[in-house]
Colleague: 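Quick one: this structure, given as structure tokens, is what I'll be asking you about.
Whatever order the structure lists them in is the order used to number ligands and atoms, beginning at 1.
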Amino acid sequence: MKKLYIQRYTDNQRINHWLVVVLFGLAGFSGLALFHPNLFFLTQFFGGPQWTRIVHPYFGIGVFLLFLLMFIGFWAANTWKRRDTEWLKASPELVLHDDEEKMPPVGKYNAGQKLVFWSMTLCLLVLLVTGLLFWQAWFAESVPIALQRVAVVLHALAAFIMSLTAVVHIYAAIWVKGTLRAMTQGNVSAGWAKRHHLLWYRDKMEGAQRDIQAERL
Ligand code: HEM
């Protein structure tokens with residue numbers, strides 16, 4: 001029997017996602033190069049120390065703007081529902097015993113994915129605001145030095161949490177078999193949808209049935 005696939009992302013959403021990944025990588029590694037002398041060697045990949053310092057804020061702004069596009073497209077599906085709290089309470093079962101049968105049914109995203117989404121959003125906001133405050137080339141001159149110092153610490157903290165969040169996100173995308181193709185091909189198998197996102201699967205199926213009936217009329 002032919003396997004049935006359901007569209008999860010459009011081509012534009014996927015291009016947007018992968019551009020965020022590339023720019024996030026560039027912003028992250030150029031940031032690390034400036035963070036500690038032991039990581040100074042990374043500056044050679046960005047054209048030397050001066051260039052690393054020049055380009056890092058632009059990579060950061062690029063990630064923020066591209067993520068903003070993703071945010072506009074995805075925030076509604078990531079709003080917190082009562083069933084997400086239930087899912088979170090049951091999640092140790094999933095993490096410790098890989099037992100998805102006992103999990104409450106979820107829509108397009110589960111509570112874990114939603115937390116990743118909001119953590120990324122918050123971290124990128126903090127990174128942008130704090131980064132602007134101590135950007136020497138443009139704004140730092142008019143910002144009190146004490147505020148700049150606080151901004152530097154918060155900037156590093158947000159970058160650290162954002163990187164941890166990205167690791168969790170990538171791990172989950174690989175760990176849950178059949179998920180990666182959502183971002184490589186734009187679709188997922190009907191079996192994957194039914195198993196991991198039952199309410200979203202039902203929505204999609206009902207929509208498809210309505211389309212078929214409308215075509216018959
Ligand atoms: C190599 C790195 C990455 C891989 C392999 C990856 C993979 C994926 C996959 C497979 C999905 C679809 C999940 C689903 O529909 O259930 C997804 C969604 C998403 N990814 Fe990534 N990703 C990576 C890095 C990133 C980074 C660095 C960011 C942000 C800076 C990011 C932000 C997102 C967002 C916002 C979504 C939509 C999920 C939502 O709205 O909750 N990803 N990613």
Side-chain angles (χ1 to χ4, degrees), residues 5-32 56-81 83-85 87-88 91 94-95 100 103 105-131 155 157-204:
Y5 290 99
I6 305 175
Q7 186 176 19
R8 196 153 161 93
Y9 296 105
T10 63
D11 291 350
N12 285 343
Q13 287 173 325
R14 285 188 294 131
I15 291 168
N16 193 172
H17 176 268
W18 293 118
L19 286 176
V20 167
V21 174
V22 170
L23 271 182
F24 178 70
L26 290 171
F29 282 108
S30 57
L32 281 175
H56 172 73
Y58 291 102
F59 288 146
I61 287 176
V63 181
F64 183 84
L65 293 178
L66 286 166
F67 188 84
L68 192 62
L69 291 179
M70 289 183 83
F71 181 86
I72 292 166
F74 297 147
W75 75 268
N78 282 285
T79 50
W80 200 261
K81 306 258 164 43
R83 65 167 177 265
D84 293 317
T85 312
W87 192 93
L88 217 53
S91 61
L94 180 67
V95 176
E100 196 148 356
M103 299 302 287
V106 291
K108 185 161 186 185
Y109 298 115
N110 63 41
Q113 289 174 297
K114 289 183 184 184
L115 286 178
V116 162
F117 178 81
W118 291 109
S119 165
M120 282 171 169
T121 304
L122 193 71
C123 286
L124 284 173
L125 257 177
V126 173
L127 283 166
L128 179 78
V129 174
T130 53
H155 195 78
L157 196 68
F160 179 67
I161 297 173
M162 174 82 196
S163 307
L164 281 188
T165 309
V167 169
V168 171
H169 173 63
I170 297 164
Y171 181 76
I174 297 168
W175 180 49
V176 182
K177 218 173 136 226
T179 306
L180 271 181
R181 66 173 294 133
M183 269 306 165
T184 53
Q185 329 232 9
N187 58 35
V188 286
S189 73
W192 179 95
K194 200 171 172 184
R195 184 174 157 83
H196 303 296
H197 299 272
L198 185 64
L199 304 178
W200 178 71
Y201 168 80
R202 284 188 189 145
D203 265 5
K204 284 278 168 187

Colleague: Other residues, nucleotides and ligands only: do more than 12 of their heavy atoms fall within 6.0 Å of NZ on Lys108?
Modeller: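 Counting other residues, nucleotides and ligands, NZ of Lys108 exceeds 12 neighbours.
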
Colleague: If the cut-off is 4.0 Å to any non-hydrogen atom of Met183, which atoms of ligand 1 fall inside it?
Modeller: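 Contacts of ligand 1 toward Met183, numbered from 1: 8 (C), 9 (C), 10 (C), 11 (C), 12 (C), 17 (C), 18 (C), 43 (N).
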
Colleague: Go through the steps for Gln185 and Tyr5 under the test side chain to side chain contact (heavy atoms under 4.5 Å, CB included), then give the verdict.
Modeller: CA-CA 10 Å; Gln185 329 232 9; Tyr5 290 99; over 6 Å; no

Colleague: Is there a donor-acceptor pair under 3.5 Å between the side chain of His197 and the backbone N or O of Val106?
Modeller: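 The answer is no, because no donor-acceptor pair under 3.5 Å joins these two groups.
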
Colleague: Of all the non-hydrogen atoms in the protein, which one sits nearest to atom 10 (C) of ligand 1, and at what distance?
Modeller: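 Of every protein heavy atom, Thr179 O, 3.5 Å lies nearest to atom 10 (C) of ligand 1.
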
Colleague: Does atom CZ (Phe29) have a neighbourhood of more than 12 heavy atoms from anything else shown, all under 6.0 Å?
Modeller: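 At most 12 heavy atoms, drawn from other residues, nucleotides or ligands, come within 6.0 Å of this atom.
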
Colleague: Nearest protein heavy atom to atom 24 (C) of ligand 1, by residue and atom, and its distance?
Modeller: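 Protein heavy atom with the smallest distance to atom 24 (C) of ligand 1: Val21 CG2, 3.4 Å.
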
Colleague: Provide the number and element of each atom of ligand 1 under 4.0 Å from a heavy atom of Leu180.
Modeller: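 Those atoms are 5 (C), 10 (C).
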
Colleague: Sub-3.5 Å donor-acceptor pair from the side chain of Arg8 to the main-chain atoms of Arg181, do we have one?
Modeller: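 Here the side-chain-to-backbone pair does not exist.
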
Colleague: Can you tell me which residue and heavy atom of the protein come closest to atom 4 (C) of ligand 1, and the distance to 0.1 Å?
Modeller: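 Going by distance alone, atom 4 (C) of ligand 1 is nearest to Trp18 CH2, 3.8 Å.
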
Colleague: Is it the case that atom CH2 in Trp80 sees more than 12 heavy atoms from other parts of the structure closer than 6.0 Å?
Modeller: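 Atom CH2 in Trp80 is packed in, count exceeds 12.
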
Colleague: Report the part of Leu124 (side chain from C-beta onward, or backbone N, CA, C, O) that has a heavy atom under 4.0 Å from ligand 1; answer both or neither where that applies.
Modeller: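 Looking at Leu124 and ligand 1, no heavy atom falls under 4.0 Å.
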
Colleague: What protein heavy atom lies closest to atom 25 (C) of ligand 1? Include the residue and the distance to one decimal.
Modeller: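 Checked against all protein heavy atoms, atom 25 (C) of ligand 1 sits closest to His169 CD2, 3.5 Å.
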
Colleague: Which of these, Val22, Val20, Ile170, has its nearest heavy atom closest to atom 1 (C) of ligand 1?
Modeller: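 The option holding the nearest heavy atom is Ile170.
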
Colleague: What protein heavy atom sits nearest atom 27 (C) of ligand 1, and how far off is it?
Modeller: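 Result for atom 27 (C) of ligand 1: Phe24 CD2, 3.6 Å.
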
Colleague: Could you find the nearest protein heavy atom to atom 32 (C) of ligand 1 and give me its residue, atom name and distance?
Modeller: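 In this structure, atom 32 (C) of ligand 1 has Met120 SD, 3.7 Å as its nearest protein heavy atom.
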
Colleague: Using a 3.5 Å cut-off on N or O atoms only, is Trp192 in polar contact with ligand 1?
Modeller: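 Checking ligand 1 against Trp192, no N or O pair falls under 3.5 Å apart.
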
Colleague: Would you check if the side chain of Trp18 reaches a backbone N or O of Met183 as a donor-acceptor pair within less than 3.5 Å?
Modeller: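 Yes, the answer is positive, given that a donor and an acceptor are paired below the 3.5 Å cut-off.
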
Colleague: Which residue is it: Leu68, Leu66, Leu65? I am looking for the one with a side chain to side chain contact (heavy atoms under 4.5 Å, CB included) to Val20.
Modeller: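 When Leu68, Leu66, Leu65 are each tested with Val20, the side chain to side chain contact (heavy atoms under 4.5 Å, CB included) holds only for Leu66.
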
Colleague: Heavy-atom contacts under 4.0 Å between Lys108 and ligand 1: side chain, backbone, both, or neither?
Modeller: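 Neither; no heavy atom under 4.0 Å.
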
Colleague: Please list the nearest protein heavy atom to atom 41 (O) of ligand 1 with its residue and the distance rounded to 0.1 Å.
Modeller: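 Here the nearest protein heavy atom works out to Asn78 OD1, 3.0 Å.
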
Colleague: Going by the atom numbers of ligand 1, which of them fall below 4.0 Å from some non-hydrogen atom of Met162?
Modeller: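 Listed by number with element: 30 (C).
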
Colleague: Below 4.0 Å from any atom of ligand 1, is there a heavy atom belonging to Tyr9?
Modeller: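 The answer is yes: ligand 1 sits under 4.0 Å from a heavy atom of Tyr9.
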
Colleague: Against heavy atoms of Arg8, which atoms of ligand 1 measure under 4.0 Å?
Modeller: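 Listed by number with element, the hits are 14 (C), 15 (O), 16 (O).
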
Colleague: Taking 4.0 angstrom as the limit and counting only heavy atoms of Phe74, give me the atoms of ligand 1 inside it, by number and element.
Modeller: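 In order of number, 37 (C), 40 (O).
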
Colleague: Which heavy atom of Leu88 sits nearest a heavy atom of Ala111, and at what distance?
Modeller: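 For Leu88 versus Ala111, the nearest heavy atoms are CD1-CB, 3.8 Å.
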
Colleague: Which atom, among the N/O/S set of His17, is closest to atom 21 (Fe) of ligand 1?
Modeller: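 Looking at His17, the N, O or S atom with the least distance to atom 21 (Fe) of ligand 1 is NE2.
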
Colleague: Heavy-atom count check: over 12 atoms from other residues, nucleotides or ligands less than 6.0 Å from Lys81 NZ?
Modeller: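 Count over threshold, so yes.
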
Colleague: Within the structure, does His197 bring an N/O atom to less than 3.5 angstrom of an N/O atom in ligand 1?
Modeller: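 No; the residue has no nitrogen or oxygen that sits under 3.5 Å from a nitrogen or oxygen of the ligand.
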
Colleague: Ligand 1 versus Met70, non-hydrogen atoms closer than 4.0 Å: side chain, backbone, both, neither?
Modeller: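 Side chain only; the backbone of Met70 stays clear of ligand 1.
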
Colleague: Where is the tightest heavy-atom contact between Asn110 and Asp84, given as atom of each residue plus distance?
Modeller: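 Residues Asn110 and Asp84, closest heavy atoms: C-OD1, 4.4 Å.
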
Colleague: Kindly state whether the ring of Tyr9 and the ring of Phe74 have centres lying under 6.0 angstrom apart.
Modeller: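 Between Tyr9 and Phe74, the centre distance is under 6.0 Å.
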
